[in-house]
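In what follows, a single structure is set out as structure tokens and then discussed.
Computed from a predicted model, the values in this text were never measured in an experiment. In listed order, ligands and their atoms are each counted from 1. Just so it is clear, the values below take in all heavy atoms, side chains as well, and ignore hydrogens, waters and symmetry mates.
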Amino acid sequence: MSRTLLINGQWRAAVNGATLPVLNPAYGREMGRIAVATPTEIDAAVQSAAAAFPRWAAASGRERARIMHKAMDIFRTQYLDEAARLLTQENGKPLNDSIKECSYTADVIDFYADESRRITGSHFAGDLGATHSFVWKQPVGVVAAIIPWNFPVDLLAWKLGPGLAAGCTFVVKPSEEASFAALKLIQAFLDAGLPDGVINVVTGAGAVGAQLVQHPDVQKIAFTGSVATGIRIGEQAARQMKRVTLELGGSAPCIVCEDADLDAAVNGALRRAFSHTGQICISVNRIFVHERLFDAYAERFAAAARALHVTPDGLKEPNADMGPMINEAGAAKTRQHVEDAVAHGARLLAGGDAPSGEEYDAGGYFYNATVLTDVTPDMLVMCEETFGPVAPIAPFSTLEQAIALANGTPYGLASYVYTADLNSAFYLARSLRSGGVGINVNDITDIRGPFGGMHMSGIGRELGEPGLDAYLETKHIRMGYKLPGG
Ligand code: NAD
């Protein structure tokens, strides 16, 4: 029985017994089954969240913080190891990367637990006559949190943390590719005494998410996933004027200036291009290197890429560089993008194939770290999100040219710059059209800073103060009063 639906504090199987297999991508074999929620169960989950909302919204920030901190104590001590092992089995990342994701998850929830005690408003004396205005922040209501498979625990925390802190209640739709680790996180909240109905779960494929989005009692949709799904959700949400946070795909450029520290620029981009087998929304997808450094950079980068180890099983080699890709469709898209580039004249400096050896023959979806040069902007690897381990490298001669190349896709999530020159750093940071710019670092994530996309990479921000504000409505109360003799 797959008891993966959580409705009003009770784990249940689907009423009609429908299930979906979850595959371990290292073997292409089933590692568990999730229930497929029916429309009746989706409705019950939303009703449960709606019923729990008034009480949770009215709880003090202190009380919400207490339960959230307790949940993370329980998660760290009782569930983290198990969640990390499940994560490696369902999405393939080497175990140490899974442990890192689960630990960061707990940090995010703890951070927002503290923030729940700092939600305040403002006030001001009215402009016209004897009036005074108050500005209140109130929780948005019932939130549908729809999660992708690549960071299925952490990206859930980016929504639950601020949403619970604000006083919202949830119906969570985990990814059908990777549901199990996220359920351990949710169990920790139940163990900590979170009131029934504050978090509900409906598992299943995209159709379950689509029905959830349309439910009239859902007030906000917090979605992370592909651009195609984000557009569908955005269209639906607009019809019902629902609040949305859409965290979508990207095609992050990395600009290596003439004065860059070559070691840092090679190692930083290498890690960000290939960790989680390139399946990260802020992966380095296109590397632009100043023409004077280009040959040395490409040679060193390709040599380092060839040395990366793809593990056939991330549980057995927890510290490996890369694991399998999530599924055959992901591997096929990567192959297609590389073949398209080579057919149009790109040169392969590393990879371009799957690792060989019988340890890779158990049915998993593997692809080697791949490096391409002689690439042009119209190649698929340069203009679409590959979401695989592919790093195309192209030269530039002026910063203006680098900016035009970097900004030349419809995406705008992350950009990276390696330079020792303060003027170049500022010029590039202000000119690059992306929600985050990393300068001499290969990650734009910090719990306290906003994270999100421009253009087709999405709407809204997670993390930091904006990440909390996204779960609060702003209300203006204007009050008149009488002065003595007035
Ligand atoms: P996806 O869009 O296929 O699925 C994401 C979730 O949406 C899943 O739970 C899925 O079941 C659900 N879904 C599918 N169709 C739906 C519909 N019509 N209505 C409602 N829900 C629906 O994405 P994915 O393949 O799981 O994730 C990979 C994508 O996520 C990549 O494009 C990646 O760049 C992006 N991503 C973005 C960020 C970010 O913060 N910007 C972070 C991680 C991943």
Side-chain angles (χ1 to χ4, degrees), residues 4 20 22 25 34 36-37 42 90-93 101 104 108 144-159 171-179 182 201-215 218 221-237 239 242 244-252 275-285 325-331 333-334 384-388 409-414 434-436 443-445 449-463 466-467 470:
T4 58
L20 264 183
V22 175
I34 52 169
V36 180
I42 295 166
E90 63 191 359
N91 103 352
K93 64 178 72 172
E101 174 173 344
Y104 195 67
V108 171
I146 303 179
I147 313 298
W149 52 265
N150 69 334
F151 286 87
V153 192
D154 189 24
L155 293 174
L156 174 57
W158 291 22
K159 296 163 184 59
V171 180
V172 175
K173 210 306 265 167
S175 167
E176 60 273 37
E177 312 266 7
S179 301
V201 179
V202 289
T203 48
V208 171
Q211 290 166 57
L212 180 59
V213 164
Q214 288 169 36
H215 197 292
V218 167
I221 299 136
F223 171 77
T224 303
S226 62
V227 172
T229 309
I231 291 171
R232 260 181 244 131
I233 290 176
E235 285 172 353
Q236 180 62 39
R239 263 180 241 130
K242 290 177 177 171
V244 287
T245 303
L246 301 174
E247 295 281 6
L248 312 179
S251 174
S275 72
H276 200 8
T277 320
Q279 303 167 115
I280 307 182
C281 55
I282 56 166
S283 284
V284 163
N285 301 113
M325 303 201 63
I326 186 69
N327 52 29
E328 175 49 29
K333 186 178 186 192
T334 304
E384 286 188 11
E385 185 184 44
T386 306
F387 226 52
T409 77
Y411 300 102
L413 188 58
S434 58
D443 190 355
I444 53 159
T445 317
F451 181 103
M454 294 183 182
H455 310 289
M456 297 307 280
S457 288
I459 293 173
R461 295 292 179 268
E462 293 191 304
L463 299 184

Can you give me every donor-acceptor pair (side chain of residues 453-460, partner residue at least two apart or in another chain, under 3.5 Å) with its distance?
from: His455; atom 1: NE2; to: Arg433; atom 2: NH1; distance (Å): 3.2
from: Ser457; atom 1: OG; to: Gly249; atom 2: O; distance (Å): 2.6
from: Ser457; atom 1: OG; to: Gly412; atom 2: N; distance (Å): 2.9
from: Ser457; atom 1: OG; to: Leu413; atom 2: N; distance (Å): 3.4

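A donor atom on one side chain and an acceptor atom on the other are found under 3.5 Å apart for Lys159 and Thr224.
Sequence neighbours left out, the pairs with a member in residues 146-156 that pass side-chain hydrogen bond (donor to acceptor under 3.5 Å, both in side chains) are Asp154-Trp158.
Contact of the Pro148 side chain with the Leu155 side chain is registered, since non-hydrogen atoms from C-beta on lie closer than 4.5 Å.
Closer than 4.0 angstrom to ligand 1 lie heavy atoms from Ile146, Ile147, Pro148, Trp149, Asn150, Leu155, Lys173, Pro174, Ser175, Glu176, Ala205, Gly206, Gly209, Ala210, Phe223, Thr224, Gly225, Ser226, Thr229, Arg232, Ile233, Glu247, Leu248, Gly249, Cys281, Glu385, Phe387, Leu413, Phe451.
With sequence neighbours excluded, no residue forms a salt bridge (Lys or Arg N to Asp or Glu O under 4.0 Å) with Glu384.
Note that the CG atom of Leu248 and the OG1 atom of Thr229 stand 8.5 Å from one another [nearest 0.5 Å].
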